[in-house]
> 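Here you go, one structure.
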Amino acid sequence: MGNVLGTIEYLTTYNKTFTPNREEDFVECNVGVPCRVVTGNKAVQSLIYDYDRFKKEEFKFAAVMVPEELTEGVCPSALSNGKFHEKHKGFLMEVISKAYGEIPASTARSVLSNVSQWGRGPMDDFESKLMAVMADALLPAIYGESTPFDTKEIERYISGATSKPKSRILQVLTSWRSLDEAQSAKESIVGKIKTSERYQQLMDLAKSHGLGEKEATMQLLISISLNGVVGSGTNLVSAFACLDTLSAQDKGELREEALAAMRKHGGLTREALQEMPKVESFVLEALRFSPSPGTASNVLATRPSTIQYTAGNGDNKEAEIKEGELVFLLTYWALRDPAVFDKPGEFVWRRFLGPEGEARRENHLIFNGRFVDAPAVTNHMCAGKNVALSVFKGIFAILVTFFGWELQEAPFWTGTKVVRLGRPDNEVKIKSFSLQHPEDLKEIFPSYFDDITRDS
Ligand code: HEM
């Protein structure tokens, strides 16, 4: 199949383009560029850390490219290799680990102050509202509290940075637009980063990793905006929609657990989050069931080789890979591989609880590595894994403990809508939203009580 037909098929059927035959996990495909698609969980695991035979394609996410003018020529850490990657990821990992300690407090502040402005619904722009909750939880912990980032601007920048097709004919066919909007969003975000209260500290840290000011600022701009805000905010919408599939009794169980932990520790603290295994299992299952951007990670073969792997049906297989061949590690299907996850098409929120649930985490690959492994400068695993998990747990703990809501429509997923990037096919919109447990809110977060109840 040619690139144009490949693109059309990908744009119209998305994950279904690659529906696997579990006897064969290295399928030849075209997603706007010719590639091999790997869909089996064990097969993905056998390649995900193989940096000897595979490398990232700089500035490229398979068929789309990051325009270099939007990053001033600095390659996003996730798409870089070797010493460059070690240096840039090392910087980002330290930035993120310094933010980690502030995440519980900043998550609580973000959810409660956003909720205090929501009213009782209806809310047609609820997906944007969740994106803002994600941004407000993360960005103050990195840049300091005083900088008012604009989530819409971040989305505009990332949209420009991730949607330019490689081929010119596809740029025409997909009506790819100019970079003007993304450029002006970039200027504005960079201005905010540079005037943030922690900018000097961040630049000192960059220097200790051997990075100059431009490199560090661009790396923060692209990686924190893309991975930290827009990618995570998209996952947050999916996870919120998954919550709607739970029974009232199951939601009650999550609420009881979260309330007890926050009551015991006087709010949303690191210790409280550690005592929420059920909320954690829910979050992990949501990330398994409806992953975004974990659709795929793409790598290029650095030399011809024979890949040995275990197919979904347990057979040992071999695949010949040519030098320069693009390989798509398809997390969506790897997380739906019946060889490692029972009833993979069902949302089972307790899946990651208890000793069996612990064992299943070995096969959870949403963070571009096994969940039980740690991100490092020598691998390409998500540098924000622990932060993301804490933010998600914190957001859901607070929402289920104090609030109730009704969606305008029940969410549904066909896995075919590329523009939805893992979110349900129908946009998540709120019909009504209300404070359900005012006494508990007053006890645990007294300083937000008046703001949240003002219009009730
Ligand atoms: C649920 C939320 C998240 C998911 C599912 C996720 C997933 C991923 C994945 C799949 C990659 C690899 C991308 C690739 O190979 O092309 C990645 C990389 C990365 N993520 Fe996350 N991520 C999440 C949240 C975050 C957050 C909150 C941050 C920042 C605090 C973050 C920072 C990064 C960075 C810096 C990289 C690049 C790593 C490298 O250079 O090796 N992520 N993430």
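None of these values were measured; they are calculated from a predicted model. Just follow the structure's listing: the first ligand is 1, and inside any ligand the first atom is 1.
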> Can you tell which part of Asn379 has a heavy atom less than 4.0 Å from ligand 1: side chain, backbone, both or neither?
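It is the backbone that touches ligand 1; the side chain stays farther off.
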> I'd like the name of whichever of Leu139, Asn368, Val283 reaches closest to atom 12 (C) of ligand 1 through any heavy atom.
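Comparing heavy atoms across Leu139, Asn368, Val283, the nearest one to atom 12 (C) of ligand 1 lies in Asn368.
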> Do the charged groups of Lys186 and Glu69 touch, with an N to O distance under 4.0 Å?
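No.
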> Taking salt bridge (Lys or Arg N to Asp or Glu O under 4.0 Å) as the test, write out the residues that go with Glu280, two or more places apart.
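Listed in chain order: Arg361, Lys393.
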> May I ask you to decide whether Arg420 forms a salt bridge with Glu127, counting only side-chain N to carboxylate O separations under 4.0 Å?
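Judged by the 4.0 Å cut-off on N to carboxylate O distance, Arg420 and Glu127 do form a salt bridge.
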> May I ask whether Lys56 has any heavy atom positioned less than 4.0 angstrom from an atom of ligand 1?
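Right, Lys56 reaches ligand 1.
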> Grab the two heavy atoms, one from Thr162 and one from Val64, that are nearest each other, plus how far apart they are.
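In this case the closest contact between Thr162 and Val64 is O-CG2, 3.5 Å.
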> Is His85 touching ligand 1 with its side chain, its backbone, both, or neither, if touching means heavy atoms under 4.0 Å apart?
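Only the side chain of His85 comes within reach of ligand 1.
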> Can you list the atoms of ligand 1 that are under 4.0 Å from a heavy atom of Leu138?
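Selected atoms, number and element: 30 (C).
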> Between Ile96 and ligand 1, which residue portion shows a heavy-atom distance shorter than 4.0 Å: side chain, backbone, both, or neither?
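It is the side chain that touches ligand 1; the backbone stays farther off.
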> So for ligand 1, is Lys89 a polar contact partner (N or O within less than 3.5 Å, distance only)?
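Looking only at distances, the answer is yes, because the N/O contact criterion of under 3.5 Å is met.
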> Mind jotting down which residue pairs meet the salt bridge (Lys or Arg N to Asp or Glu O under 4.0 Å) criterion with at least one end in residues 380-390? Sequence neighbours excluded, please.
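Sorted pair list comes back empty.
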> Looking at Phe392, which atoms of ligand 1 are within less than 4.0 Å of one of its heavy atoms?
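Atoms satisfying the 4.0 Å criterion: 1 (C).
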> Salt-bridge test for Asp150 and Lys192: reply yes if a basic N is under 4.0 Å from a carboxylate O, no otherwise.
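No, Asp150 and Lys192 are not salt-bridged.
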> Going by the angle between their ring planes, with limits at 30° and 60°, are Tyr49 and Tyr51 parallel, tilted or perpendicular?
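Correct class here is perpendicular.
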> Quick one: does Ser232 get an N or O within less than 3.5 Å of an N or O on ligand 1?
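No, since none of the N or O atoms of Ser232 sits under 3.5 Å from an N or O of ligand 1.
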> Only heavy atoms count here, so choose which of Ala78, Gly422, Gly228, Cys382 is nearest to atom 23 (C) of ligand 1.
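The nearest heavy atom belongs to Cys382.
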> Near Ser77, which atoms of ligand 1 are under 4.0 Å from a heavy atom of that residue?
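Listed by number with element, the hits are 39 (C), 40 (O).
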> Apply the test salt bridge (charged side-chain N to carboxylate O under 4.0 Å, His left out) to residues Arg303 and Asp52: give CA-CA distance (whole Å), side-chain angles for both, the deciding distance (0.1 Å), then the verdict.
CA-CA 9 Å; Arg303 54 184 164 83; Asp52 178 35; 2.7 Å; yes
